[in-house]
Protein chains: 2
Amino acid sequence: MNKDRPKTSQPTDPLATPKATIGRLSLYLRHLENLFQAGQETISSNKLGEALDISDAQVRKDLGYFGPMGHPGVGYRIAQLREKLRSVLGTNRDWNVALIGMGNLGRALFGYGGFHRRGFIISALFDQDPQVVGSVHGNLTVHHISELSVLTRELGLQLAILAVPTPAANDVATRVQAAGIVGVLNFAPTRLTVPKDLSIVSVDLGSELERLAFDVNRRLIPSDDDTQAPPLE
Amino acid sequence: MNKDRPKTSQPTDPLATPKATIGRLSLYLRHLENLFQAGQETISSNKLGEALDISDAQVRKDLGYFGPMGHPGVGYRIAQLREKLRSVLGTNRDWNVALIGMGNLGRALFGYGGFHRRGFIISALFDQDPQVVGSVHGNLTVHHISELSVLTRELGLQLAILAVPTPAANDVATRVQAAGIVGVLNFAPTRLTVPKDLSIVSVDLGSELERLAFDVNRRLIPSDDDTQAPPLE
DNA sequence: TCGTGTGAAGAATTTCACAGCA
DNA sequence: TGCTGTGAAATTCTTCACACGA
């Protein structure tokens, strides 16, 4: 699909934004928020890239996907660019988020301030376990998962954070989708195979540590073969 | 650097493994562990890819970087491939991990079983706050950060999980590096700029939610311009 | 026949380099 | 002069397609 699109040089087509770029938009925004707080007015692609370890050309390409944002000879106006990125990423408004699974990870995520700060409001808590249902965290009470549909409608829940045990993840994802939630942040180390339209982003903390271990191994052990890693105990 | 390497077709050069491949190795291993538990003996690149939503050619390319692992007409021997990937990723042995920062996130990560299961043993806890130092979690007592060097040596700590407030992250990373720890999993939403050799993997939970919001936005709002997102409320 | 390993083609992403605006 | 926007080149990653081993 997407044959030869004529080079009608639309300011740009957000639908064509490379996946790799999307991952960097958050980084740009994160840094811009800092600069904005600090009262700085403009920044060049060069400086912005320097702070994030990204080339200046890359920064310009990335930002260019959303129309001409920069001002030649000046750089990017921070307030304006921040607004644009917030709108692109959807953080210019609040999202109502369901947190599902109140085990260790779930409770921690509830306490983690980073979500709220970026416009993701945890508005309802759910768990499968009758022992846990009814317990109170902050100003919220844990509901049983069977109430998901009703509360999704009532509270206008749009996203869900899945912090449930791996074997339950797929089932819960299906319920979530059926309830009308449109996106899921999944912490279970398994691939979710869900009926239809549901945006999924998965975070596997174990995998991240493995990536780190791989990196360390490669850096510290310049062995060039398939031998075991040295003891190192 | 790395000019034109002659095509001496070494079985493969682990140093040349594409970054993208590395991210998939954990996925392969994760699925192989399941199959291994289930007692399955072999699997084809086709089946393995199907389970993970990766093309069969991609699977073969990825696995090929570590020498010929497959058996034509048979597939990959699960036990053998699992062993190889564990060795490549460094999970064929245990790692001693320091958990630094015992706030909400830190406490949760401590309770999260996924690390231990994959060979990452949390062996020491640290915090900056004197109020927190001395408190006990499981069979571990929280130490003050100033004891990092000593304990790193004593306990053979190799990796650290950073769950500290953003403003402290860089300072802590520097201490970690000075103590002799070689890799860090960073949860603070900031880029760590550390003196020298230290492997860093960062996870920004807020960014992941932003990625999700972007995805939902794009899927649900086929608007083609820079207009505000609709209310949707 | 089934299924790997792998050059070669193709697609995606990044870097280069420079015209042009403020 | 400073700095963006952007084609074109370079690089990296993925898919294709097929020879060959079990």
Side-chain angles (χ1 to χ4, degrees), chain A residues 1-25 27-28 40-78 80-81 84 226, chain B residues 1-25 27-28 40-78 80-81 84 226:
Chain A
M1 68 197 73
N2 187 4
K3 322 276 296 206
D4 54 308
R5 182 199 306 272
K7 66 273 316 245
T8 40
S9 184
Q10 283 269 339
T12 32
D13 179 350
L15 290 181
T17 312
K19 284 183 64 165
T21 291
I22 298 166
R24 285 186 296 265
L25 295 181
L27 298 181
Y28 298 137
Q40 193 174 320
E41 303 251 314
T42 65
I43 189 168
S44 67
S45 58
N46 186 271
K47 289 291 183 200
L48 181 51
E50 204 168 80
L52 299 168
D53 208 19
I54 295 171
S55 80
D56 57 338
Q58 183 72 79
V59 171
R60 292 197 297 279
K61 266 274 156 73
D62 285 344
L63 299 180
Y65 284 107
F66 308 100
M69 288 286 116
H71 304 270
V74 176
Y76 296 84
R77 299 207 200 288
I78 288 169
Q80 179 197 10
L81 181 57
K84 183 63 179 182
D226 64 343
Chain B
M1 67 196 73
N2 188 4
K3 320 278 298 206
D4 54 309
R5 183 201 303 272
K7 68 271 323 241
T8 42
S9 182
Q10 283 269 339
T12 30
D13 179 350
L15 290 182
T17 312
K19 285 182 64 166
T21 291
I22 298 167
R24 285 186 298 263
L25 295 181
L27 298 182
Y28 298 138
Q40 193 174 321
E41 304 250 315
T42 65
I43 189 168
S44 66
S45 58
N46 186 272
K47 289 290 182 200
L48 181 51
E50 204 168 82
L52 300 168
D53 207 19
I54 295 170
S55 80
D56 58 339
Q58 183 72 78
V59 171
R60 292 198 297 281
K61 266 274 155 74
D62 285 344
L63 300 180
Y65 284 107
F66 308 99
M69 287 286 117
H71 304 271
V74 176
Y76 296 85
R77 297 205 201 289
I78 287 169
Q80 179 198 11
L81 181 56
K84 184 61 177 184
D226 63 342

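Quick note on labels: first sequence line is chain A, next is B, and so on, each numbered from 1.
- Atom CD of Glu41(B) has 12 or fewer heavy atoms from other residues, nucleotides or ligands within 6.0 Å.
- As rounded to whole Å, 17 Å separates atom C1' of dG2(D) from atom CG of Leu48(A).
- A close approach under 4.0 Å does occur between a side-chain nitrogen or oxygen of Arg24(B) and OP1 or OP2 of dT14(D).
- Contact between the side-chain N/O atoms of Tyr65(A) and the OP1/OP2 oxygens of dT6(D) is not found at any separation under 4.0 Å.
- A straight line from OH of Tyr76(A) to C1' of dC21(C) spans 14 Å, rounded to a whole angstrom.
- The OH atom of Tyr28(A) sits 6.0 Å away from atom CG of Leu63(A), with the distance rounded to the nearest 0.5 Å.
- For the pair Asn46(A) CG and dT4(D) P, the computed distance is 8 Å after rounding to whole Å.
- The structure places CZ of Phe66(A) at 8.0 Å from NZ of Lys84(A), a figure rounded to the nearest 0.5 Å.
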Contacts under 3.5 angstrom, residues 71-78 of chain A side chains, donor-acceptor by atom type, not counting sequence neighbours:
residue: His71(A); atom: NE2; partner: Gln80(A); partner atom: OE1; Å: 3.0

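- Within 4.0 Å (heavy atoms only), Ser45(B) reaches sugar-phosphate atoms of the nucleic acid but no base atom.
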Problem set entry | side-chain contact (heavy atoms from CB on, under 4.5 Å) between Leu25(B) and Tyr65(B), intermediate numbers included | CA-CA 11 Å; Leu25(B) 295 181; Tyr65(B) 284 107; over 6 Å; no

What N/O pairs connect the protein and nucleotides 19-22 of chain D at under 3.5 Å? Give each pair on its own line.
residue: dG21(D); atom: N2; partner: Gly73(B); partner atom: N; Å: 3.0
residue: dA22(D); atom: O4'; partner: Pro72(B); partner atom: O; Å: 3.2

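- Atom NZ in Lys47(A) sits roughly 9 Å away from atom P in dC3(D) (whole-Å rounding).
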Please enumerate all protein N or O atoms sitting under 3.5 Å from an N or O of nucleotides 10-12 of chain D, with distances to 0.1 Å.
none

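- Computed from coordinates, the Asp56(A) CG to dG2(D) P distance equals 15 Å when rounded to whole Å.
- Straight-line distance from the OH atom of Tyr28(B) to the P atom of dT4(C): 12 Å, rounded to whole Å.
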Identify every side-chain donor-acceptor pair in residues 45-57 of chain B under 3.5 Å, counting partners at least two apart or on other chains, and give the distances.
residue: Ser45(B); atom: OG; partner: Arg60(B); partner atom: NH1; Å: 3.1
residue: Ser55(B); atom: OG; partner: Gln58(B); partner atom: N; Å: 3.0
residue: Asp56(B); atom: OD2; partner: Arg60(B); partner atom: NH1; Å: 3.4

Detail all sub-3.5 Å separations between protein N/O atoms and N/O atoms belonging to nucleotides 15-18 of chain D.
residue: dT15(D); atom: OP2; partner: Ser55(B); partner atom: OG; Å: 3.0
residue: dT15(D); atom: O4; partner: Lys61(B); partner atom: NZ; Å: 2.8
residue: dA17(D); atom: N6; partner: Arg60(B); partner atom: NH2; Å: 3.3

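- At whole-Å resolution of the value, CG in Leu81(B) and P in dT4(C) are 11 Å apart.
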